[in-house]
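What follows is one structure encoded as structure tokens, with my remarks underneath.
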Amino acid sequence: EFAYDEFKEWWRTEAEYKMYDVDALVERVWDIYYTALALDRVPAVLPHQDGAIMSTAFQHVLTPRFLNPDKPPLPSESEDVIRYAGVKVAGREQGTTIAFGYVIQSYIDYGIPWFVIPPFGFGLLLGGAYRFFMTSLRHEEILIAVLAVGFWANIMPYNTAWAKMLGKLLTSLVYIGGLALIL
């Protein structure tokens with residue numbers, strides 16, 4: 001009820017003041033600003049990483065923690081924003097992170113025109129897995145569940161880092177897809 005009362009009070013304010021609030025909200029959730037800063041800095045200030053980001057993502061995903069208990073956690077995604085965008089942003093210490101998406105990470109890694117290859121490869125991987133499940137799963141109810149959870153959950157977040165996207169996809173395909181195949 002408290003939030004509703006605040007909303008009613010806000011709704012009664014003049015339209016001009018509402019627009020300031022809406023603008024502040026959009027600025028808070030729209031992460032294109034940091035992407036634009038990174039585009040300005042790479043390669044003018046910092047060089048392209050020649051695959052280091054993608055290599056780290058694959059290494060992290062393909063090294064399971066149960067086989068390597070000393071595997072360090074992924075660094076805060078805010079560290080990449082600080083390094084490549086050149087601005088101080090909130091991190092784990094503040095209980096949040098600001099992340100670059102996989103597309104700008106590909107640009108930082110490879111530059112133009114090569115940055116399109118990793119997302120294209122990811123799409124081919126998803127397409128191959130999709131086709132595999134479409135031809136392997138005979139029960140429509142199970143197929144729909146695998147496709148909805150395993151695929152839509154992985155292709156929707158555009159501003160997710162490669163390590164998290166690949167890890168989430170692999171986990172989904174192995175656990176959800178594996179269980180579906182067993183069933």
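Predicted, not measured: the structure shown is a model, and the values here were computed from it.
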Say whether, by atom type as modelled, one donor and one acceptor occur between the side chain of [X] and the main chain of [Y] under 3.5 angstrom.
{"X": "Y107", "Y": "T35", "value": "no"}
{"X": "E140", "Y": "R138", "value": "no"}
{"X": "D109", "Y": "M54", "value": "yes"}
{"X": "R41", "Y": "A36", "value": "no"}
{"X": "K71", "Y": "H60", "value": "yes"}

With a 4.5 Å limit on heavy-atom distance, are the side chains of [X] and [Y] in contact?
{"X": "Y84", "Y": "Q49", "result": "yes"}
{"X": "V89", "Y": "V87", "result": "yes"}
{"X": "L25", "Y": "D21", "result": "no"}

Roughly how far, to the nearest 0.5 Å, is [atom2] of [Y] from [atom1] of [X]?
{"X": "I108", "Y": "D50", "atom1": "CD1", "atom2": "CG", "result": "13.0 Å"}
{"X": "L179", "Y": "I142", "atom1": "CG", "atom2": "CD1", "result": "8.0 Å"}
{"X": "Y34", "Y": "I82", "atom1": "OH", "atom2": "CD1", "result": "10.0 Å"}
{"X": "T171", "Y": "K164", "atom1": "OG1", "atom2": "NZ", "result": "13.0 Å"}
{"X": "L126", "Y": "L173", "atom1": "CG", "atom2": "CG", "result": "7.5 Å"}
{"X": "I112", "Y": "S106", "atom1": "CD1", "atom2": "OG", "result": "12.5 Å"}

Identify the heavy atoms of [X] and [Y] that sit nearest to each other, and give their distance.
{"X": "A180", "Y": "V146", "answer": "CB-CG2, 3.3 Å"}
{"X": "V61", "Y": "G167", "answer": "CG2-N, 3.5 Å"}
{"X": "A90", "Y": "S78", "answer": "O-OG, 2.5 Å"}
{"X": "H48", "Y": "Y110", "answer": "ND1-C, 4.1 Å"}

Is it true that atom [atom1] of [X] has more than 12 heavy atoms of other residues, nucleotides or ligands lying nearer than 6.0 Å?
{"X": "W10", "atom1": "CH2", "answer": "yes"}
{"X": "Q94", "atom1": "CD", "answer": "yes"}
{"X": "R131", "atom1": "CZ", "answer": "no"}

message = For W162 and T56: C-alpha separation, side-chain torsions, deciding distance, then whether side-chain hydrogen bond (donor to acceptor under 3.5 Å, both in side chains) applies.
response = CA-CA 9 Å; W162 274 118; T56 302; over 6 Å; no
Examine [X] and [Y] and state if one hydrophobic cluster contains both, with Ile, Leu, Val, Met, Phe, Trp and Tyr joined whenever side-chain heavy atoms are less than 4.5 Å apart.
{"X": "I176", "Y": "F132", "result": "yes"}
{"X": "L62", "Y": "L67", "result": "no"}
{"X": "V149", "Y": "Y175", "result": "no"}
{"X": "Y102", "Y": "W152", "result": "yes"}
{"X": "L183", "Y": "I144", "result": "no"}

Next item on the list: Step by step, work out the side-chain contact (heavy atoms from CB on, under 4.5 Å) result for T97 and E79.
Entry: CA-CA 9 Å; T97 59; E79 292 175 21; over 6 Å; no
Checklist line | Pair F151-F133, side-chain contact (heavy atoms from CB on, under 4.5 Å): steps then yes or no | finding: CA-CA 11 Å; F151 289 90; F133 287 116; 4.0 Å; yes
Does L125 form a side-chain contact (heavy atoms from CB on, under 4.5 Å) with L169? I'd like the steps, not just the answer. CA-CA 10 Å; L125 176 67; L169 176 66; 3.5 Å; yes
Q) Could you go step by step and tell me if F100 and E77 meet the side-chain contact (heavy atoms from CB on, under 4.5 Å) rule? A) CA-CA 7 Å; F100 278 142; E77 292 171 331; over 6 Å; no
